[in-house]
Amino acid sequence: MKAVYPGSFDPVTYGHIDIIKRTSEKVETLVVAVLNNPSKKGTFSLEERIVLLKEVTKEFENVEIDSFDGLLTDYAYKKGCTSIVRGLRAVSDFEYEMQMALVNKKINNNLETFFMASSTKYGYLSSSIVKEVSMFGGNVSCFVPEIVEEALKNKFKRRI
Ligand code: PNS
């Protein structure tokens, strides 16, 4: 099975890496696809997110890092992916994730969404919370790999 794991990854955290690692052990190929959303400016540029993702997933041989714009279903079809993978942390994620899964299924009935339950230790983690901690000078080394930690420090240093 070839699956796509789409997201903003702004930036990638240990929570994402956990999903990538565990999913890559179950599928033939996993395409991690970063949404290129010009109308929503993130903290990191698309290129920066891709560089970080490539670095932190380089040990996973069947993982490909890519980006997409437009509809996820169109992208999945173009890439030959038959499944979408999304991580589920808490019940609070469920409503939004279910809505996306149902809409995507309606658009393309052949595309299935699989939810991967987060590991308990990353159940509270999000890119937004990591950015907030880092922005105020907190230590984020238990949330993100060193290269991401450094990128966050540089990003917020320049803004002060
Ligand atoms: O990490 P995120 O921000 O929760 O990821 C959301 C993402 C990228 C999966 C979602 O916004 C998406 O698929 N966007 C592409 C546009 C699309 O296909 N929308 C219809 C499905 S809801």
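Owing to the predicted nature of the structure, the values given are computational and were not obtained by experimental measurement. All ligand and atom numbering here is 1-based and tracks the order in the structure.
- In this structure, the side chains of Val27 and Lys2 stay at 4.5 Å or more apart for every pair of heavy atoms.
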(request) May I have the step-by-step check of side chain to side chain donor-acceptor pair (under 3.5 Å) for Ser67 and Asn36, ending in yes or no? (result) CA-CA 6 Å; Ser67 65; Asn36 180 16; 5.8 Å; no

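- Using a cutoff of 4.0 Å between basic side-chain nitrogens and carboxylate oxygens, Glu64 and Lys79 are scored as salt-bridged.
- Proximity to Asn104 (heavy-atom distance under 4.0 Å) selects the following atoms of ligand 1: 21 (C).
- Judged purely by atom type and a 3.5 angstrom limit, Ser119 has no side-chain atom pairing as donor or acceptor with the backbone of Tyr122.
- Of all atoms in ligand 1, numbered sequentially from 1 with element shown, those under 4.0 Å from a heavy atom of Met100 are 10 (C), 22 (S).
- Taking distance alone, with nitrogen or oxygen atoms compared against 3.5 Å, Gly7 stays at or beyond that limit from ligand 1.
- Contact annotation: for Tyr96 versus ligand 1, heavy atoms closer than 4.0 Å belong to the side chain alone.
- At a heavy-atom cutoff of 4.0 Å, ligand 1 is contacted by both the backbone and the side chain of Leu72.
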(request) Please test Glu150 against Lys153 for salt bridge (Lys or Arg N to Asp or Glu O under 4.0 Å), starting from the C-alpha separation and ending with a verdict. (result) CA-CA 5 Å; Glu150 286 308 311; Lys153 276 187 196 157; 3.6 Å; yes

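- Within ligand 1, counting atoms from 1 as listed, the ones closer than 4.0 Å to a heavy atom of Gly70 are 15 (C), 16 (C).
- Atoms of ligand 1 lying under 4.0 Å from any heavy atom of Phe68, numbered from 1 in the order shown and given with element: 15 (C).
- Within the listing of ligand 1, atoms 8 (C), 14 (N), 15 (C) sit less than 4.0 angstrom from a heavy atom of Leu35.
- Nearest protein heavy-atom contact of atom 20 (C) of ligand 1 is Leu71 CD2, 4.0 Å.
- For the residue pair Tyr75 and Asp69, no side-chain donor N or O sits within less than 3.5 Å of a side-chain acceptor on the partner.
- In terms of protein heavy-atom proximity, atom 2 (P) of ligand 1 is closest to Ser8 OG, 3.5 Å.
- Each of Val56, Val32, Val144 was checked for a side-chain contact (heavy atoms from CB on, under 4.5 Å) with Ile17, and the lone residue meeting it is Val56.
- The nearest heavy-atom contact from the protein to atom 5 (O) of ligand 1 is Arg86 NH1, 3.2 Å.
- Between the side chain of Arg49 and the backbone N or O of Val34 there is no donor-acceptor pair closer than 3.5 Å.
- Protein heavy atoms are absent from the space less than 4.0 angstrom from atom 12 (C) of ligand 1.
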